[in-house]
Protein chains: 2
Amino acid sequence: MARRKNDVPDDLDHRQSTIKDVAELAGVSLSTVSRVVAGNYPVAQSTRVRVQRAIRELNYVANTHARALGGGSTRTVGFIVNDVRGPAFAAAVHGVEQEAAQRGHICLVATTDGDPARELAAIQLMREQRAAAVFLIGGAWDSAAYRARMIDIARSLDAAKSRLVLCGRPSLGPGIPATVVEYDNEGGAYALSSYLISRGHRRILYVGGDPAFTTTTGRLAGFRRAMADMAVSVDESLFELDAEFSRASGYERVSDRLSGGRDFTAIFAETDVIAGGAMAAVYDAGLSVPDDVSIVGYDDIPLATDLRPSLTTVHVPYEELGRAAVRAALDRPVGRAERHQLLGTHVILRQSVGRPAIDR
Amino acid sequence: MARRKNDVPDDLDHRQSTIKDVAELAGVSLSTVSRVVAGNYPVAQSTRVRVQRAIRELNYVANTHARALGGGSTRTVGFIVNDVRGPAFAAAVHGVEQEAAQRGHICLVATTDGDPARELAAIQLMREQRAAAVFLIGGAWDSAAYRARMIDIARSLDAAKSRLVLCGRPSLGPGIPATVVEYDNEGGAYALSSYLISRGHRRILYVGGDPAFTTTTGRLAGFRRAMADMAVSVDESLFELDAEFSRASGYERVSDRLSGGRDFTAIFAETDVIAGGAMAAVYDAGLSVPDDVSIVGYDDIPLATDLRPSLTTVHVPYEELGRAAVRAALDRPVGRAERHQLLGTHVILRQSVGRPAIDR
DNA sequence: CGCTCAATAGAAAGCGTTGTCCGGAACCTA
DNA sequence: TAGGTTCCGGACAACGCTTTCTATTGAGCG
C-alpha cells in the first residue's frame, strides 16, 4: 500500500533497500547511483567505487517494476505452451529460454493444456507484464473465430511495441504484425510416407489428431500427397483420427484395430509419443516390429532412440525453432518486416521399418 | 524514457492505453477506474458499466509494473531448474506452474545447466522482479561455500518478504528462513536395492553421479544401507560414479564395463535416463535384459514404461513435489513456521529384473 | 587572467497504478 | 426539518526508478 509520510516503517533494517538508501550511504544523489548501475553516463572513478561499496553493503537489488515504469523496456519475454512435459515442447522451450537468457531477458511461462480460453488468459497476463514478445509454441486449432482473435491480439501487442511470435504454427496472413517460425510438417510427412511406400507398404494405418489442428493438417497432407504421387490407392478406413497426442491414445487405437484383424502392414503415427503406444500395442498383440508391422513416428524426441526397435521418424529442430523465434523477435531491425521462416525437417532412418510381411 | 510535458506523443491512437485514457473516455476519475478493475470498493452499477465499456473499447490492460510499485504484491513466482528438458524436472515444473496459475500467479523460469554461477545470476534476476517466491528445483552440490551462499540468499529473500523454496534438495539447517519440500531418495534406494538383493543379486553395478550431489548422496546411501542390512559384502570396484545424468553417459559406462568382462548380475542406475543408456549397452553387447543382466532405475519417468523390458524403478512424485512447494510457499499462514516436508517414494515393479543368470 | 569547454553531480519531473482522505448528495430517523 | 448515516466519486501522495535539464567545478588556452 502507499505509505503515508508519517507512517514509520516498522522494520527499517530488514527492508529491501532502495536506491535512496544506497545514495544516502554513499553520500551522493539518486541520479548518481542510477548512473553507476546503468553505466551509461560518466561517473568519476572514486564516486563509482563508493557507490558500488554501498550497493554491496546494503545488498541492493534494483526493482524491475520501477525500472520498467520509469525507463521503458522490460527485458521480459513470455511463452505459452500446451504442456511443458511434452519432450518436443520442452526442447522448444529450452531453445527460447537459452536464447532469451543470452540477451539478458527473462522468461515468463504459462501452460494452456490445449484450452483456448486459458491461452487467452495467459496472453492477457503477458500483456499486463508488458513482455517484449509473446511466443505461442505448438500447433493451433484453426477456426475462423480463433484466427480472428489471434489477429486482434497480434495488433494489440504490436500497438504496445511488443510482438506476437508463432512457433510451429502457420501464419495469420499477410500484413498481420506477427513473426512466424514454422517447420515443415507437410514435407517431412511426405518424405517419410514416401519411404514407407518405397519399402513396399501399401496399406498404412494413419494414427493422428484432430484434422483441424494445424500440426495434423500438415502431416496428414504430406501423407496423402505421397500416396497420391506414388499412385497408391488410399483406403479411407485406415485413418484413426481425433486421437490424443499421448502414449495411451496410441496404444488404444492400435489395440482396437488389431483386435479386429490386421489389415495393414505399417503404422504412420503422427508423433513419436503415439508411436510408442502403438509399438506397445503391436507387441501386446503378439506381433513383432518391424517383421509383422512397421512403425514410424514424427518429432524425433529422445524416446525414439530408446524404443526397441529404435524408431524411424522425422527430425524436427524444436530447439532451433525456439532459438530462431527469439532471434527473429528480439533482434528485429528497425524496419519491422514481417518475418516468416520455414525450418526444414528430415527423415531419420532407424530400425522400426521393414518390408511388408506379405512380401516375404 | 520520461517524456516531458510539452513532448507530444507521435502516435496517440497506436499507444498502449492507460488508466487515464479510460477515465477520460468514461468521464470519471482515475480512482474510479482503478476500483472497477480491482472490484474492492463500491461503485454504482451505471458507472461501472460505463467504465467497463471504455476498457473494452480502448483494449486497456493494466500495467503490472505500475501496480507492483503502487500496490505492493507481485503475483509472480520464479523457478530455477537445471534443464527444462529433463522429464523429471519437467514434471516438477508442471506442478509448480499449475498450482501457481491456480492462485493467479505467473511463473518466471530460468535454467542453469548445473552451473552455480548461472544459478546465482538467475536468483538475482528473480529478486529484481520481486518474485513472491523462488523455487530451486533439483539436487544441489553440497559444499560449505555453496551452502553459505544459499543461506545468505534465503535471508535476503526473507527480508524482501519473498521466500526461498528448496524442491528436492535438503534443508539448509534449522532457523534458516526457507521452505523445503524433499522426497525420500535414501528410502527409495533402500527399498529398490533390497528388492534386487532379495531376488538373489549380490554383485550389483552402481552407476551414478558425483557423490557431492545431494541426489546421489541420498540414493547411494540407501543402496549401501540395504547392502549392509542384508549382509551383502560390497565390492568397491562396482561403483561407476561421477557419471552424467544422461543416456549417453549410462551407455558409455556400461559398455566400458562390459568390454572388460561381465562381473555383475544387475545394474542400479541412479536415474531412468541412465538406465535407458545402460539397457542399450547391454543389448549391444549381445546380452539380454533381464535374463543376463537385471536393470533398475530411479524417477519413474514416462520412458520407464516405454523401454523393453519395461523398467523396474522408484516412483518419485515430481509433479506433487512442485505442487506441494507452491502450496507451502504461497499459502503459508501468518505464523511463518519453517516448513519441511518429505514426500514418500515407492518401488514400481516392472519387467527389467529377474534372477541372476548364475542361479539358473 | 578572464573565458570557454569538458567532466561530473544534483534537482526534479514523470512513468501508471493504488490506497487514503475528504467532500457532496441522497436517504433515513426523530 | 435538522442531524446523522450511507454511498459514491474525486484529489493526491506515494511507490522506486530513469532521464532530462541545470549547476558547479577545474582545466586548458589565447
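Here is the naming used below: chain letters follow the sequence lines, and residue numbers restart at 1 for every chain.
Protein atom CD of A:Gln129 is 14 Å distant from nucleotide atom C1' of C:dT17, rounded to whole Å. A straight line from NE2 of B:His65 to C1' of C:dT18 spans 16 Å, rounded to a whole angstrom. Between the P atom of C:dC15 and the CD atom of B:Gln16 lies a distance of 15 Å, rounded to the nearest Å. For the pair A:Glu24 CD and D:dG16 P, the computed distance is 12 Å after rounding to whole Å. Following rounding to the nearest Å, A:Lys20 (NZ) and C:dG10 (P) show an atom-to-atom distance of 15 Å. The nearest whole Å value for the distance from the OH atom in B:Tyr60 to the C1' atom in C:dG16 is 7 Å. The interatomic distance linking A:Arg67 (CZ) with D:dT18 (P) rounds to 5 Å, in whole Å. Atom CZ of A:Arg130 is separated from atom P of C:dC15 by 14 Å (rounded to the nearest Å).
Relative to the axis of its first five pairs, the axis of the last five pairs of the helix from C:dC1-D:dG30 to C:dA30-D:dT1 sits at 50°, rounded to 10 degrees.
Checked for salt-bridge contact, A:Glu128 and B:Arg75 miss the test: no charged N lies under 4.0 Å from a carboxylate O. Of the charged side-chain nitrogens involved, none lies within less than 4.0 Å of a carboxylate oxygen, so that A:Glu119 and A:Arg149 do not count as a salt-bridged pair. Between B:Glu24 and B:Arg50, none of the side-chain N atoms (NZ, or NE/NH1/NH2) sits under 4.0 Å from a carboxylate O, so this pair counts as no salt bridge.
In terms of the salt bridge (Lys or Arg N to Asp or Glu O under 4.0 Å) criterion, A:Glu97 has no residue partners (sequence neighbours excluded).
Side-chain contact between B:Leu136 and B:Leu164 is present, with heavy atoms from C-beta onward closer than 4.5 Å. The closest side-chain heavy-atom distance from B:Val96 to B:Arg323 is not below 4.5 Å. For the pair B:Thr76 and B:Leu108, the minimum side-chain heavy-atom distance is below 4.5 Å.
Scanning residues 29-52 of chain A for heavy-atom distances under 4.0 Å to DNA chain D yields A:Ser31, A:Ser34, A:Arg35, A:Asn40.
Under 3.5 Å, the side chains of A:His105 and A:Glu99 contain no donor-acceptor pair of N or O atoms. Side-chain contact of A:Ser34 with A:Ser31: a donor-acceptor pair under 3.5 Å is absent, judged by distance alone.
Within 4.0 Å (heavy atoms only), B:Ala68 reaches no atom of the nucleic acid at all.
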